[in-house]
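Only heavy atoms go into these numbers, but all of them, side chains included; no hydrogens, no water, no symmetry mates.
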Amino acid sequence: MTRAVDVVVIGSGVAGLSTALGLAATRDVLLLSAGDGSTPWAQGGVSAAYGEDDPLDHWRDTDIAGAEFCDPRNVRALVEEGPQRVAELIAHGARFDRNADGSLSRTLEGGHSRPRIVHAGGDATGAEVHRALRIALQRTGVRTMSGRTVGLVQSDSGSIVGVLVQTDGHVTQIDARAVVLATGGIGNAYLASTNPSAVRGDGIALALRAGASLVDMEFVQFHPTALHTGETSGQLPLVTEAVRGEGAVLLDAHGNRIMDGLHPRADLAPRDVVARAIEATMRRDGTDHVWLDATGVAPDVIRRRFPTVLASCARIDVDMVSEQIPVAPAEHFLCGGVRTDRNGATDVPGLYAVGEVAATGVHGANRLASNSLLEGLVFGRRVATALTLDLPAVDHGRTHEVSPGEDREPERIRSILTRYAGIRRDGASLNAAADELDALGNGPLATVARSVIVAATARQDSRGCHWRSDHPHSDKRWDDHIVVHLDAEDRPTTRHLQRSEV
Ligand code: SIN
C-alpha cells in the first residue's frame with residue numbers, strides 16, 4: 001500500500017513534535033513514531049537566557065563546555081531563539097515551575113555561569129514539555145502513525161522520496177517530498193544508558209545508507225550520575241545535575257570530595273570533566289560506583305524539586321534526604337550525528353535531520369547541560385520554517401529501497417562499544433573493537449558502533465567527551481572535524497573536514 005504526504009517526520013520526541021507542529025498549518029505532515037524517545041525522561045530542564053541574563057553568556061558557556069569546538073553561528077541561533085521557543089511552549093500550556101512571586105524558577109547545572117534552567121514538575125521537565133507539545137499537535141489534527149521505519153525510498157538520482165514503515169508485520173510505503181529524521185541518539189548501542197531501549201541509532205544507520213555523512217561521532221557524552229541500581233544493562237534512572245546545582249557533592253568510597261581542586265566549578269564543572277573524574281576514581285578504588293551526597297540539601301527542597309529522583313532512589317531502598325546516593329556514569333547523549341546545515345538539510349536531497357540525531361555543531365565536543373530540549377525546540381522550528389518556505393522539487397524518477405537490515409548479535413555489539421569506546425579510549429582498544437566488529441555484519445547497530453569506533457580512532461587527541469589515554473591533550477593539529485561516510489562495501493570510513501568548511 002502506498003500513501004503520499006508533503007513531509008514525513010520520524011520520531012516523536014521534542015525535535016519531531018516541534019517540527020511537525022511548525023509545519024501543521026502549511027504542509028500535509030505525517031508524524032511516525034516508534035516510541036517517545038528520550039524526551040519524557042529528561043529531568044533538568046531547558047536553558048533560556050532572558051531578562052538580566054544575556055544570551056551571549058549562554059553562548060560562552062555552551063562553547064566552553066563544548067571545548068571551543070562549537071559552530072559559533074549555530075550556537076547563536078540556539079541561545080537567541082531559545083527564550084522565544086520557551087515562551088511559545090508556555091502559550092501551548094506547558095507548566096514550568098514558578099517562584100512565589102510568579103516568576104519562572106531557574107536553577108543551575110554543570111557548566112552554566114548562572115541559574116538559567118527552567119524546569120517543570122521539579123525534575124520532570126521532559127515529560128511536561130512532551131505533554132504540552134503532544135496536546136498542541138493533537139489540536140492541529142496532524143496525522144500520526146506508530147511503527148518502525150525500516151527503510152527509505154530513494155530515487156535513482158539520489159533524492160529521498162519516501163519511507164517504509166513496518167506495522168503489525170506489514171510494510172507500508174509512504175511517499176513524501178521531504179523526510180525528517182528526529183530519531184534521537186544512540187543510547188542503546190551501549191549496554192547501559194539513560195535513554196530508553198528504542199533509542200539505538202536507527203536514524204543514523206538509515207542516513208548513512210542513503211549516502212548522508214556523519215560528523216563528530218567520537219563525541220559520545222556520558223552523564224556523570226546515573227543511579228547505580230546494580231543493573232549493568234538497559235535504561236538507568238538519571239540523577240539530574242540539578243541535584244548538584246542545589247548543593248549535592250560527589251564523594252569517593254572513603255568519603256573524600258572527588259571534584260575538590262579538579263576544576264574551578266568543582267561539582268558543577270562541565271559533565272565531561274565530572275564523568276572523567278568519577279571514572280578515574282572508580283578505577284583507582286576498584287569500585288563500580290561513587291556517592292552523591294545530597295543530605296546537605298534541605299529536605300523540603302529535595303521533595304519539591306526532585307520527586308522523580310527521590311522515587312528512583314526509593315526503588316533501590318535509598319532515602320536521598322538522609323542517605324548518600326550510589327551513582328556511576330552512563331551513556332547519555334550523542335553530540336555528533338548526521339551532518340546538517342542550520343535548517344536540518346543533510347547532504348542528501350529530501351533528507352533532513354533534527355535534534356540529537358543531527359549534528360549542527362551546537363554541542364561542539366561536549367553538550368552543555370539542558371541544551372538538548374532547547375536544541376529540539378529551536379532547530380525543530382527552523383526545519384519547519386525551511387520546509388514551509390520550500391519543499392524539495394518532485395522527483396519522478398525510478399526508485400530503490402534503502403534499508404540497513406537487521407543485526408545478527410546486538411548484545412555483542414553493545415558490549416564491544418561499551419568496553420572499548422567508553423569514557424576512556426586508546427588506539428589499541430579501538431583497533432581491537434574494529435577487529436571484533438568485523439565479524440558482525442552491516443546491520444544498523446553494527447554500523448552505528450563502527451561509526452563511533454572509526455571516528456574515535458581517527459581523532460588522535462583528547463577534547464570534550466572524547467578522551468584518549470594515549471593522546472591525553474587537545475592538539476591544534478586535530479582541530480578538523482572527523483566525517484564518517486560509507487565505503488563501497490558499506491563500511492563506515494573517515495575523512496577530515498576543516499572547521500572553516502563546516
Ligand atoms: C540532567 O538533568 O542532568 C540531564 C539534563 C541534560 O542532559 O541536559
Original post:
Which residues pass the side-chain hydrogen bond (donor to acceptor under 3.5 Å, both in side chains) test with Arg468, sequence neighbours left out?
Top reply: Asp470

**OP:** Under the side chain to side chain contact (heavy atoms under 4.5 Å, CB included) rule, collect the residues that match up with Glu80, sequence neighbours excluded.
**Re:** Pro55, Arg76

Original post:
His496 and Trp478: ring-ring contact (aromatic ring centres under 6.0 Å, His included), yes or no, with the steps?
Top reply: CA-CA 9 Å; His496 287 236; Trp478 289 93; 5.5 Å; yes

Original post:
Out of curiosity, Phe222 CZ to Asn366 CG, how far, rounded to the nearest 0.5 Å?
Top reply: 11.5 Å

**OP:** Starting from the C-alpha separation in whole Å, work towards a yes-or-no answer on salt bridge (Lys or Arg N to Asp or Glu O under 4.0 Å) for Asp300 and Arg303.
**Re:** CA-CA 5 Å; Asp300 66 305; Arg303 292 196 186 95; over 6 Å; no

Original post:
Could Asp461 and Arg477 be called an ion pair, given the rule that one side-chain N must be under 4.0 Å from one carboxylate O?
Top reply: no

**OP:** May I ask you to say whether Arg381 pairs ionically with Glu88, meaning some side-chain N is under 4.0 Å from a carboxylate O?
**Re:** yes

Original post:
Tell me, which pairs form a ring-ring contact (aromatic ring centres under 6.0 Å, His included) where one or both residues lie in residues 309-332, sequence neighbours left out?
Top reply: His223-His332

Original post:
Just by distance, with hydrogens left out, do Asp61 and His112 show a side-chain donor and acceptor under 3.5 Å apart?
Top reply: no

Original post:
Leu445 and Pro410: which non-hydrogen atoms are nearest, and at how many Å?
Top reply: CD2-CB, 3.7 Å

**OP:** Please list, chain by chain and in numerical order, all residues satisfying side chain to side chain contact (heavy atoms under 4.5 Å, CB included) with Ala280, sequence neighbours excluded.
**Re:** Arg283

Original post:
Who are the side chain to side chain contact (heavy atoms under 4.5 Å, CB included) partners of Asn74, not counting sequence neighbours?
Top reply: Asp71, Arg342, Thr360, Val362, Phe379

Original post:
When rounded to the nearest 0.5 angstrom, what is the spacing between CZ in Arg200 and CG in Asp407?
Top reply: 7.5 Å

Subject >> Nearest heavy atoms of Ala248 and Val297, plus distance in Å >> reply: N-CG2, 4.0 Å

Subject >> Pairs where residues 233-245 contributes a residue and the test side-chain hydrogen bond (donor to acceptor under 3.5 Å, both in side chains) is met, not counting sequence neighbours >> reply: Glu241-Arg271

**OP:** Give me the one residue out of Glu279, Gln221, Glu331 that meets side chain to side chain contact (heavy atoms under 4.5 Å, CB included) with Ile423.
**Re:** Glu279

Subject >> Contacts of Asp319 that satisfy salt bridge (charged side-chain N to carboxylate O under 4.0 Å, His left out) - sequence neighbours left out >> reply: none

Original post:
Residues in salt bridge (charged side-chain N to carboxylate O under 4.0 Å, His left out) with Arg382, at least two apart?
Top reply: Glu81

Subject >> Nearest heavy-atom neighbours spanning Asp267 and Val274 >> reply: O-CG2, 4.1 Å

**OP:** Measure the CG-OH distance between Leu181 and Tyr352 for me, rounded to the nearest 0.5 Å.
**Re:** 12.0 Å

Original post:
Can you list every pair that meets ring-ring contact (aromatic ring centres under 6.0 Å, His included) and has a residue in residues 227-263, with sequence neighbours left out?
Top reply: His228-His289

**OP:** Could you list the residues that satisfy salt bridge (charged side-chain N to carboxylate O under 4.0 Å, His left out) with Glu411, not counting sequence neighbours?
**Re:** Arg414

Subject >> Distance-minimising heavy-atom pair for His92 and Ala136 >> reply: ND1-CB, 3.6 Å

Original post:
Counting only heavy atoms not in Arg284, do more than 12 sit closer than 6.0 Å to its CZ atom?
Top reply: yes

Original post:
Who are the side chain to side chain contact (heavy atoms under 4.5 Å, CB included) partners of Gln324, not counting sequence neighbours?
Top reply: Leu251, Trp291, Asp293

**OP:** Evaluate whether atom CZ of Arg419 has more than 12 neighbouring non-hydrogen atoms of other residues, nucleotides or ligands under 6.0 angstrom away.
**Re:** no

Original post:
Between Ser18 and Leu133, which heavy-atom pair has the shortest distance, and what is it?
Top reply: OG-CD1, 3.9 Å

Original post:
Can you name the salt bridge (charged side-chain N to carboxylate O under 4.0 Å, His left out) partners of Arg114, sequence neighbours left out?
Top reply: Glu52, Asp53

Subject >> Ion pair check, Arg60 and Asp63, cut-off under 4.0 Å >> reply: no

Original post:
Parallel, tilted or perpendicular: which fits the ring planes of Phe69 and His481, with parallel below 30° and perpendicular above 60°?
Top reply: tilted

